[in-house]
Amino acid sequence: MGKIKIDKKTLENLKNWFSNYVQSFTHEDKYFQENIALKEKHTLQVCKEILNLGEQLGLNENERRLSEVIALFHDIGRFEQYAKYKTYVDGKSENHAELGVKILKENQVLNMFNKSIQTLILRTILYHNRLSIPEGETNTCLFFSKLLRDADKLDIWRVVTDYYNQNNGERNGILELGLPDTAGFSDKVYQDMLNKRIVDVKYLKNLNDFKLLQVGWIFDINFVPTFHCIKTRHYIKKIRQVLPESEKIETIFGVIQVYLDEKTSTREEIR
Ligand SMILES: [Fe+2]
């Protein structure tokens, strides 16, 4: 990863571009504005998460700046997606990662970088919302894709656990994918979780399925420091609290607990 060079000024300029871009979506409708603000805050938090992970993983200054650029732009497609379709569900609109890449290219946002850095940034963005990272990528691309996916999940856990555990009882369809809050959960989701497989959004039938899917993201986490964050912030416990009592749910959380304990007791190299 030796040839990555990103200076402070460049990073600052990109942050300014981001903030101006988001401001262009200012809207008088309160609900609209809240949903835009949700993604802006998420983006800035993912920047913090990625820097924190990067530091623990021993990245140098240039690598840390690159990781921040990637985090800053990973959801840039969200704003146009919401403005155009009023939803964050890719299946009901378009793929927000592809949309983001298109926006970055059209606005020539990354033009100060050489081609290989541009490709690296665009690919990590393109891969951040895929079920898995495609094979055959360079080690550098693989590393930053994994880092972004970990940082992104850490902050989505913050968003959803805050939401589930808020006490005003207000619901936000945007955060629930429009799924009904009915009893029980799907057997397909249960089976995937038991086999430590990432659940595909297309199998979700109700909100409990979605909560289980979010717990199952743990099977897609890549780095030891991320597992430590999950543990100290009690994300898993907080989601469990808002799921029904059931033997199957208990079984799932037993599997998750063993997995998390294993990952946080490892003596292997942290990276
Ligand atoms: Fe994100």
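Heavy-atom basis, side chains included; hydrogens, waters and symmetry copies ignored. Keep in mind it's a predicted model, so treat the numbers as computed, not measured. Residues: numbered from 1 along the sequence shown. Counting starts at 1 for both ligands and their atoms, in listed order.
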Nearest to the Fe ion (ligand 1) - the N/O/S atom of D152, by atom name: OD1
D75: its N/O/S atom lying closest to the Fe ion (ligand 1) (atom name): OD2
N, O or S of H74 under 2.8 Å from the Fe ion (ligand 1): yes
D155 backbone or side-chain N/O/S under 2.8 Å from the Fe ion (ligand 1): no
Parallel, tilted or perpendicular: rings of Y21 and F25 (30°, 60°): perpendicular
Parallel, tilted or perpendicular, as decided by the 30° and 60° cut-offs, for the rings of Y259 and F227: perpendicular
Donor-acceptor pair between Q56 and N52 side chains, under 3.5 angstrom: yes
From CA spacing to verdict: salt bridge (Lys or Arg N to Asp or Glu O under 4.0 Å), D192, K188: CA-CA 6 Å; D192 276 352; K188 170 86 178 84; 3.1 Å; yes
